[in-house]
Asks: 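This is the structure I have questions about; it appears just below.
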Amino acid sequence: MFGIGELTILLLVIVAVLAVKRLPDLVRSAGKAARILKSEKQALKDEGRSESEGGGSSPSAPRVIRGEATERDTTP
């Protein structure tokens, strides 16, 4: 029978093999999320700067974050 150590190693190998297919999607999603967070942080900084310079009474125009549409490969 297998011990705990062998089962743990086997489980890690199985997870690694299955994760290889999804890893590029995860990295791409993490990169997009980081870019969005960075742009939002910069927008908040700019908004705070413009309000402190005098007159923040007018509502600001909505911000649009441009993205790109990609096609997913749905074949198994």
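Computed from heavy atoms alone, side chains included, the values below leave out hydrogens, waters and symmetry copies.
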Asks: Between Val15 and Leu7, is there shared hydrophobic-cluster membership here, with clusters defined by ILVMFWY side-chain heavy atoms closer than 4.5 Å?
Replies: no
Asks: Less than 4.0 angstrom from a charged side-chain N to a carboxylate O is my criterion; do Asp25 and Arg22 meet it?
Replies: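 Looking at Asp25 and Arg22, the cut-off is not met.
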Asks: Got more than 12 heavy atoms from elsewhere within 6.0 Å of CD1, Ile4?
Replies: no
Asks: Are any side-chain N or O atoms of Ser39 and backbone N or O atoms of Ile36, one a donor and one an acceptor, separated by less than 3.5 Å?
Replies: yes
Asks: How far does CD of Gln42 sit from CD of Glu47, to the nearest 0.5 angstrom?
Replies: 12.0 Å
Asks: Taking C-beta and beyond as the side chain, do Glu6 and Leu10 meet within less than 4.5 Å on heavy atoms?
Replies: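 They are not in side-chain contact.
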